[in-house]
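Since the structure is predicted, the reported quantities are computational estimates derived from the model, not experimental observations. Values reported hereafter were calculated over all heavy atoms of this structure, with side chains retained and with hydrogens, waters and symmetry mates removed. Convention: sequence-line order gives letters A, B, ...; per-chain numbering from 1.
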Amino acid sequence: MGANNSEGHKAKNFIYEIIDNDMKTNKWGGRVHTRFPPEPNGYLHIGHAASICLNYGIARDYNGKFNLRFDDTNPEKEETEYVESIIEDVKWLGADFEDRIFYASDYFEQMYNWAVELIKKGKAYVDDLSAEEIREYRGTLTEPGKESPYRSRSIKENLDLFERMRKGEFKNGEKVLRAKIDMSSPNLNLRDPIMYRIVHAEHHRQGNAWCIYPTYDWAHGLEDSIERITHSICTLEFENHRPLYDWFLNELGIYHPQQIEFARINLNYTVMSKRKLLKLVQEKYVDGWDDPRMPTVSGLRRRGYTPEAIRNFTDNSGIAKRDKVSDISLLEFSIRDDLNKKAQRAMAVLKPLKVVIINYPENKIEELDAINNPEDHSMGSRKIPFCKEIYIEQTDFMENPPKGYYRLVPGGEVRLRYAYIIKCEEVIKNDKNEIVELRCSYDPDTKSGTGTSKKKVKGTIHWVSAKHAFEAEVRLYDRLFTVETPDAGKENDFLDFINSNSLEIISNALIEPSLKNSNPGDKFQFERLGYFCVDTKYSTKEKLVFNRTVGLKDSWTKKV
RNA sequence: UGCCCCGUGGUGUAAUUGGCAACACGCCUGACUCUGGAUCAGGAAAGUCUAGGUUCGAGCCCUAGCGGGGCAGCCA
């Protein structure tokens, strides 16, 4: 028997193999229950999205359940704003936790009771050593630690002290509760890890109900246990913590999930740690957590990414145990692939060049048919106005073109998308020798859709009617960093690699009139340019703002 | 000089669990095209970190080495 899940599919990764095996041995009674346990101290990024998709995907594939749980055990870093953004992002990604949204802080009383239990077993003690002393006593990577002089306090005294810790009789850092394990363990996590520290701070949900807070190592397994999680999936850096996770649960003799670690996703040309992202936000390198250049879920959403694209990306990235840096091009592929099928086409000119069609009647206006999406004819078609004066893209005309350029050139012909073939008769320049206008003739027999054209031209370019197009702001984004791995060096070196040209604002792009009433979040493909969406933050009815999600693949500019 | 994890095309993941390395992205050709997009057809690119060993047979197992990552928060 191979690695097949309950639906008979081939195992997607090593975690599915573990679960397949658990199903075979009936380890969990056929049950699968996963969770996503974020700390509400920042916004979610694409790496979290991968974890969400993994955990939710497992629950879905095995007909199990998926919880959203806030690991809110550190009042000093956590905020309600983050809780709200995380809920929004998880829902948006399509990970359905139904009514199972939990908070570790709701378990504090239970955790406290369990701590008392460990004290009674002689497996935990109150330590009076200072933070510095504890560090010294811990030993080093190569030398064992030594036991705290307070390690052998009586159970009675520990019980009393711990209760008084809770009551608030001590100041921050004055005492901690530690597990009594092994000060000489080669795994430093087992050298009497701290379970509770005193923090007199207001918790975003508990207010001032508590002044002692559980540490991650103590709390996490308990949370999983309480929720009867079967597979507790986390990232590689917790691998060394697994023996501790197991130790607590074993000592308590309570329900014991299995912790499984996998390698987090890294993307080149960006940073992924919450700390660094927070720094970019706080020091205004970007315009908030949802800046479209950020690898955050909210940034990607504002950039124009769809949940489907993100899910496909994380699926295609795979799950394994080796450190990885994925190429951003895989992410870009996922959104192009999705939007190609979904996005309505439109014409927009970013850097306009005026074209006058000299043989076109002065006041004539034609309504031309344009297909909304050649990949999906159910999306229908629309009319676009055409008249004597139009604008084309500056880059679609060259006076001295290189070989292989098949757009407009002096004396040359090109098709205007959904309109006519035009020929460049004259180039008008200003006194600075800049091209300011083209005078072209059109061939009435070449109208699109009529089939009357005998001509064939190599190039087709997009355009907008001068009389009908409206002005909009377009924001072009580039990668936030200039090097592939900006965080490879020292802590703050990544700031040295910020790409100062990562945002280009075009304030007067010209857009075809049919888009005038589009709404924030609407997505389009501007033909030949890329995918764009209406910005949800700065766009107004009077002045639409479009974000470029990603450019179209371009095998021409790459050549030259 | 400790402990733990990991080394497969440029990138990421796979290989029926020991049977002559596949998929995706990217890249390059060509076809088609009223988007230099999409689509279609083809191609280059790793002999699996190294050296031994077990075996008829090793990317999968064993040993040693090398390389990368993690661990000395009262962060998670």
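The side chain of A/Ser555 lies closest to B/G37 when the candidates are B/A72, B/G37, B/C3. Distances were taken from every side-chain heavy atom of A/Glu527 (C-beta onward) to each of B/G12, B/A14, B/U35; the shortest belongs to B/U35.
Side chain of A/Arg264 to backbone of A/Phe262: no donor-acceptor contact under 3.5 angstrom is found.
Spacing between B/A21 and B/G59 at atom C1', rounded to whole Å, works out to 8 Å. Straight-line distance between the C1' atoms of B/A46 and B/A24: roughly 16 Å, to the nearest whole Å. Annotation: B/A58 and B/A14 have their P atoms spaced 23 Å apart (nearest Å). Comparing the P positions of B/U8 and B/C60 gives a spacing of 13 Å, expressed to the nearest Å.
Among the protein residues, A/Phe238 comes within range of the nucleic acid bases, having at least one heavy atom under 4.0 Å from a base atom. Within 4.0 Å of A/Leu236, counting heavy atoms only, lies no atom of the nucleic acid at all. Residue-level contact check: A/Thr140 touches the bases, meaning some heavy atom is under 4.0 Å from a base atom. In this structure, A/Val325 reaches the sugar-phosphate backbone alone: every heavy-atom distance under 4.0 Å involves primed, P, OP1 or OP2 atoms, never a base. Base engagement by A/Arg415 is indicated by at least one non-hydrogen atom pair under 4.0 Å involving a base atom. Counting non-hydrogen atoms under 4.0 angstrom, A/Gly449 reaches a base of the nucleic acid. Residue A/Leu190 is classed as having no contact, given no heavy-atom separation below 4.0 Å to the nucleic acid. Contacts of A/Tyr196 with the nucleic acid, taken as non-hydrogen atoms under 4.0 Å apart, are absent. Counting any heavy atom pair closer than 4.0 Å across all strands shown, A/Ile265 reaches no nucleic acid atom. Across all strands, A/Gly404 comes closer than 4.0 Å to base atoms (heavy-atom distances). Within 4.0 Å (heavy atoms only), A/Ser185 reaches no atom of the nucleic acid at all. Within the 4.0 angstrom heavy-atom criterion, base atoms lie near A/Lys447. When heavy atoms are screened at a 4.0 angstrom cut-off, A/Ala131 is found touching base atoms of the nucleic acid. Contacts of A/Tyr405 with the nucleic acid, taken as non-hydrogen atoms under 4.0 Å apart, include base atoms.
Residue-to-nucleotide contacts include a donor-acceptor pair under 3.5 Å from the side chain of A/Gln525 to the base of B/U35. Judged by distance alone with a 3.5 Å cut-off, no donor-acceptor contact links the side chain of A/Glu239 to the base of B/G69. Between the side chain of A/Arg322 and the base of B/U13, no donor-acceptor pair under 3.5 Å is found.
For the pair A/Glu79 CD and B/C75 P, the interatomic distance rounds to 17 Å; values are reported in whole Å. Atoms CZ (A/Phe524) and P (B/G37) sit 23 Å apart, rounded to a whole Å. The separation between A/Gln344 atom CD and B/U35 atom C1' is 15 Å, rounded to whole Å. In this structure, A/Leu331 places its CG atom 12 Å from P of B/G26, rounding to the nearest Å. Computed from coordinates, the A/Glu393 CD to B/G37 P distance equals 17 Å when rounded to whole Å. When rounded to the nearest whole Å, the span between CE of A/Met347 and C1' of B/U35 equals 10 Å. Distance CD1 (A/Ile371) to P (B/A38): 18 Å, rounded to an integer number of Å. Rounded to whole angstrom, the span from the CG atom of A/Leu141 across to the P atom of B/G73 amounts to 10 Å.
Base orientation of B/U50: anti, since the glycosidic angle falls outside 90° of 0. For B/G68, the O4'-C1' to base torsion is more than 90° from 0; the nucleotide is therefore anti. Applying the 90° cutoff around 0 to the glycosidic angle, B/G47 is assigned syn.
By the 4.0 Å N-to-carboxylate-O rule, A/Lys180 lies too far from A/Asp192 to be salt-bridged with it. At a threshold of 4.0 Å, the pair A/Lys523-A/Asp338 does not count as salt-bridged, since none of the basic side-chain nitrogens sits closer than that to a carboxylate oxygen. A salt bridge does not link A/Glu78 with A/Arg205: every distance from a Lys NZ or Arg NE/NH1/NH2 to an Asp or Glu carboxylate oxygen is 4.0 Å or more.
For the OP1/OP2 pair of B/A72 and a distance below 4.0 Å, the side-chain nitrogens and oxygens of A/Arg191 include no atom meeting the criterion. Between A/Arg197 and B/C75 there is a side-chain N or O to OP1 or OP2 distance below 4.0 Å. Between B/C74 and A/Arg138, a contact under 4.0 Å exists linking OP1 or OP2 to a side-chain N or O. A/Thr73 has a side-chain polar atom (N or O) that falls below the 4.0 Å cut-off from OP1 or OP2 of B/A76.
Aromatic ring pairs are classed by plane angle as parallel below 30°, tilted from 30° to 60° and perpendicular above 60°; the pair A/His241 and A/Phe238 is perpendicular.
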Between A/Arg35 and A/Glu223, is a side chain to side chain contact (heavy atoms under 4.5 Å, CB included) present by the stated rule, with each step listed?
CA-CA 10 Å; A/Arg35 105 263 96 117; A/Glu223 297 161 20; over 6 Å; no
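Minimum heavy-atom separation, A/Lys324 to A/Ser317: NZ-O, 4.0 Å. Annotation for A/Asp127 and A/Tyr150: closest pair OD1-CD1, 3.2 Å, computed over non-hydrogen atoms.
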